[in-house]
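A note on names: the letters A, B, ... follow the listed sequences, proteins ahead of strands, and every chain is numbered from 1.
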Amino acid sequence: MSVRVRFAPSPTGYLHIGSARTALFNYLYAKHVGGKFLLRIEDTDLARSTEESTRSILDGMKWLELEHDEEIVFQSDNADKHRATARKLLTEGKAYRDFTPKAEPSDQNVKEGIAERARAAQGVKNMRDNPFRDISEVESDARAANGEPFAVRLKVAETGKTSFEDAVYGLQERSYADTEDLVLLRSDGHPLYNLAVVCDDIEMRITHVIRGQDHLTNTHKQVLIYEALGITPPIFAHLPLIMAPNKGKLSKRKHGEVVSMTTYRDAGFLAAAFRNFLALLGWSASEEKEIYSLTELIDKFSLEGIHRSNAVFNFTENDPRKWTDDKAIWMNAEYIRTMPLADLLPFVKAELKSAKLWRDEYEPEGRALTATIDSTESQAFESEIEIAERPAAIALDVLEVGSYDWYVRTIALIRTRFFTLKDFSAQGRAYFSEDYDFDPAAIAKNLNKFADLKTWLPELADRFEAEFGDADVSSPTVREGFTTKPFTEENIETVVKSFTEEKATKLGVIMNGARTLLTGVAVGPSMLSVFETIGMERSILRLRSGIAWAEILPDTTLSSHG
RNA sequence: GACCGGUUCGUCUAGGGGUUAGGACACCGCCCUUUCACGGCGGCAACACGGGUUCAAAUCCCGUACCGGUUACCA
């Protein structure tokens, strides 16, 4: 029998990080064993389910690239079948009508109320004390025929226990005495969760139920329904929960956007990286390795590798630097820095486009750069990128700023310090636009402290112009007839070094000042490569520009010795 | 309260009778470097507690503590 698993979220909000991991594990297991990964929307709670939420969940799944097999099942479509099942159990005497009037839902916290009631009962409640449990069939039928409202409850036997072998938690047993006669059908005829789940899992021929540990005790109730129906239950595998840093529940209400999948998509995370991170929360392949491709994950995934203890999703509220789990950020940076450039480029393109920084010249001529390049084309393309990535291999000593080759090489250069895709349009903005911001901290540290730079840097620009000025950057290979050198790292270094000596200052002072003016930020790749990448013309322009200087505080009187 | 589950560095985890208890993130230091959030090297840091079994316990058993889940005519 082939394996069929399902991810069954209830559409009462966006895709929660815990649900996303449940979906991932189901997906990985299905793919590992060559089974089917199905999706069922558990929308039986009409009051709370929304279409928008369903869409958001689907969006999240799509972003994570967890494609489901077969049609989506909407649980609400099966309500009639659920009711029929309940009726069947009723006629077989395995369930009974409960004519107890429906209790008014308390207006305070529902969960709190339940716990309170349970505490009051001192845990000695007799689960078989429902007065309608044993009324005669005749009386029950008569009252029902009379229009009296009733809920349908499963008739749990007086003595015995339910048991099942959980693939993660091992043998689970529970005395009947601890399980109430659960409600199958509400008095308004609405099927309840446990009934609906069992019916649908049977209908969908689910073989393995992989879900959160919060359902571990529910499972006993479901086993009871399977037994009443005379059907062998599927294999259950419960997952440890993902908790907040205080080991409490991780919820939208308390923790906000950090728990939503769309947050990560919008924050510039790569799905592959986030998937990788999620996979390692509650599962491990028992090896000293952190980076796993999807194929590796599928290959190595097993139910045996799932943990039994909850995992903390570590983040610090109100700390922008640690707004989400450090390891997730690191993982994303790792992907951005080390994944094949050809795979990264489409994501960078999308980011630059949405920031209005994209230019069509960045597209390789005659080819559309998309995420799905066929293999032969992709190979040719990759070797081209390899060339661009390896400065030494480039025939030209200067790349034309704004060209495709320049673009690819720039991305290869700047990605080494980036954490998210957003960095390409934020920190990296100065590479693609003249309209970029200056980080006040960078100005304070690299410009304000050295007042002489205000005259030095424009002077450096003059020097650049004199040294490199009439080199034809548009056809840099043609060098004959020109008296000046090409604007390359090596030549730039010579010029800047002698300039520094003339001014009797440290190289760092000049370089850092220039970096701030040229890029607006205090960090980045080697400054020589930044000069080269920004290009001669723009470098000169920016060194002369007074934009950043305008932000210098008026009381700055520090000398260059500072 | 009752029932069920869990407990290895701050966090994610490896290890399941004999290990200097390993890795990753974070943090710190050094190196590289003009800067840096890149890179390299190194450091700090953990078996919840108490009993037992055993020549030997992080590992097996019992208890305690703590944490979590469930206890709905929610899902």
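- A:R337 forms a cation-pi arrangement with A:F419, by the criterion of a distance under 6.0 Å to the ring centre and an angle within 45° of the ring axis.
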Check: protein-nucleotides 28-34 of chain B nitrogen or oxygen pairs below 3.5 Å:
{"unit_1": "B:U34", "atom_1": "O4", "unit_2": "A:S526", "atom_2": "OG", "d": "3.2"}
{"unit_1": "B:U34", "atom_1": "O4", "unit_2": "A:M527", "atom_2": "N", "d": "2.9"}

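- Using Watson-Crick or G-U wobble geometry with both donor-acceptor distances under 3.5 Å, B:C27 finds its partner in B:G43.
- Counting non-hydrogen atoms under 4.0 angstrom, A:E287 reaches nothing in the nucleic acid.
- Residue contacts shown for A:E290 include a base, since a base heavy atom lies under 4.0 Å away.
- No hydrogens or angles considered: nothing links the side chains of A:N218 and A:Y193 as a donor-acceptor pair under 3.5 Å.
- Going from the C1' atom of B:A56 to that of B:U19 covers 14 Å, rounded to whole Å.
- Below 30°, between 30° and 60°, or above 60°: for A:H238 and A:F164 the angle between ring planes is between 30° and 60°, a tilted geometry.
- Contacts of A:R153 with the nucleic acid, taken as non-hydrogen atoms under 4.0 Å apart, involve only primed sugar atoms and P, OP1 or OP2.
- For A:F315 and A:W323, the gap between ring centers reaches or exceeds 6.0 Å.
- Using a 4.0 Å heavy-atom criterion, one finds that A:K322 contacts the sugar-phosphate atoms exclusively.
- In a base pair of the Watson-Crick type (N1 to N3 plus N6-O4 or O6-N4) or a G-U wobble (N1-O2 and O6-N3), with each distance short of 3.5 Å, B:G50 is matched with B:C62.
- Residue contacts for A:F419: at a heavy-atom cut-off of 4.0 Å it reaches a base atom on one of the strands shown.
- Distances were taken from every side-chain heavy atom of A:D325 (C-beta onward) to each of B:U11, B:A26, B:A37; the shortest belongs to B:U11.
- Within the structure, every side-chain polar atom (N or O) of A:H220 is placed at least 4.0 Å from both OP1 and OP2 of B:U71.
- Here the nucleotide nearest the side chain of A:K247, chosen from B:A2, B:C67, B:A75, is B:C67.
- Heavy atoms of A:G282 sit under 4.0 angstrom from primed sugar atoms or phosphate atoms, though from no base atom.
- When the nucleotides B:C4, B:A75, B:C12 are ranked by their closest atom to the side chain of A:K327, B:C12 comes out on top.
- Closest non-hydrogen pair, A:C199 versus A:H82, comes out as CB-CD2, 3.4 Å.
- Rounded to a whole Å, the CZ atom of A:R308 is 8 Å from the P atom of B:U7.
- With B:G5, B:C74, B:U11 as the candidates, the nucleotide lying closest to the side chain of A:V312 is B:U11.
- Set against B:C38, B:G22, B:U11, the side chain of A:E288 has B:G22 as its closest nucleotide.
- Between B:C4 and A:T217, no contact under 4.0 Å exists linking OP1 or OP2 to a side-chain N or O.
- In this structure B:U34 sits in no base pair that meets the Watson-Crick or G-U test at under 3.5 Å.
- B:U11 and B:U54: their P atoms are spaced 36 Å apart (whole Å).
- Across the protein-nucleic acid pair, A:Y292 atom OH and B:A24 atom C1' stand 11 Å apart, rounded to whole Å.
- In the interface, the side chain of A:N314 is not paired with the base of B:A26 through any donor and acceptor atom under 3.5 Å apart.
- The separation of B:G42 from B:C60, taken at their C1' atoms, amounts to 38 Å, rounded to a whole angstrom.
- Between the P atoms of B:C44 and B:A24, the separation comes to 14 Å (whole Å).
- Listed nucleotides B:A37, B:A75, B:A14 differ in distance to A:S286; the shortest reach to its side chain belongs to B:A14.
- Among the atoms of the strands shown, base atoms are found under 4.0 Å from some heavy atom of A:P101.
- Using modelled atom types and a 3.5 Å distance limit, the side chains of A:T488 and A:N491 yield a donor-acceptor pair.
- Cation-pi geometry between A:R429 and A:Y436 is not satisfied (NZ or CZ under 6.0 Å from the ring centre, within 45° of the ring normal).
- A donor and an acceptor atom never sit less than 3.5 Å apart when one is taken from the side chain of A:R174 and the other from the base of B:C4.
- A:K289 comes within 4.0 angstrom of nothing in the nucleic acid, heavy atoms only.
- Taking the ring axis of A:F499 as reference, the NZ or CZ atom of A:R463 does not stay both within 45° of it and closer than 6.0 Å to the ring centre.
- B:C73 and B:G17 have their P atoms separated by 45 Å, given to the nearest Å.
- Toward the 5′ end of RNA chain B lies the nearest nucleotide of A:D178, the other residue of the pair A:D178 and A:Q427 mapping further downstream.
- With rounding to whole Å, A:E173 atom CD is found 22 Å from B:U70 atom P.
- Residue contacts shown for A:T100 include a base, since a base heavy atom lies under 4.0 Å away.
- The cationic group of A:K289 lies under 6.0 Å from the six-membered ring centre of A:Y292 and within 45° of the ring axis, placing it in a cation-pi geometry.
- In this structure, CG of A:L250 is placed 11 Å from P of B:G69, rounded to the nearest angstrom.
- Among the atoms of the strands shown, only primed sugar atoms or phosphate atoms (P, OP1, OP2) are found under 4.0 Å from some heavy atom of A:M243.
- Between A:A522 and A:L171, the residue anchored closer to the 5' end of RNA chain B is A:L171, taking for each the nucleotide with the nearest heavy atom.
- On the P atoms, B:C47 is 16 Å away from B:C12, given to the nearest whole Å.
- Between the P atoms of B:U20 and B:C31, the separation comes to 33 Å (whole Å).
- Taking side-chain N and O atoms only, A:R415 has no distance below 4.0 Å to OP1 or OP2 of B:C38.
- The residue A:N218 sits close to a base: some heavy atom pair falls under 4.0 Å.
- Comparing the P positions of B:C25 and B:A72 gives an interatomic distance of 46 Å, to the nearest angstrom.
- Side-chain N/O atoms of A:R321 include one lying less than 4.0 angstrom from OP1 or OP2 on B:C27.
- In this structure, A:Y193 reaches the bases: a heavy-atom distance under 4.0 Å links it to at least one base atom across the strands shown.
- Within the structure, side chain to side chain donor-acceptor pair (under 3.5 Å) contacts touching residues 11-23 of chain A (residues at least two apart or in different chains) do not occur.
- As judged by a 4.0 angstrom heavy-atom cut-off over every strand, A:H190 is placed among residues making no nucleic acid contact.
- Comparing atom distances between the A:Q172 side chain and each of B:C73, B:U70, B:C4 picks out B:C4 as nearest.
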Passes salt bridge (charged side-chain N to carboxylate O under 4.0 Å, His left out), A:K155 versus A:D181? Steps please. CA-CA 6 Å; A:K155 199 170 188 175; A:D181 286 344; over 6 Å; no
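- Using Watson-Crick or G-U wobble geometry with both donor-acceptor distances under 3.5 Å, B:G5 finds its partner in B:C67.
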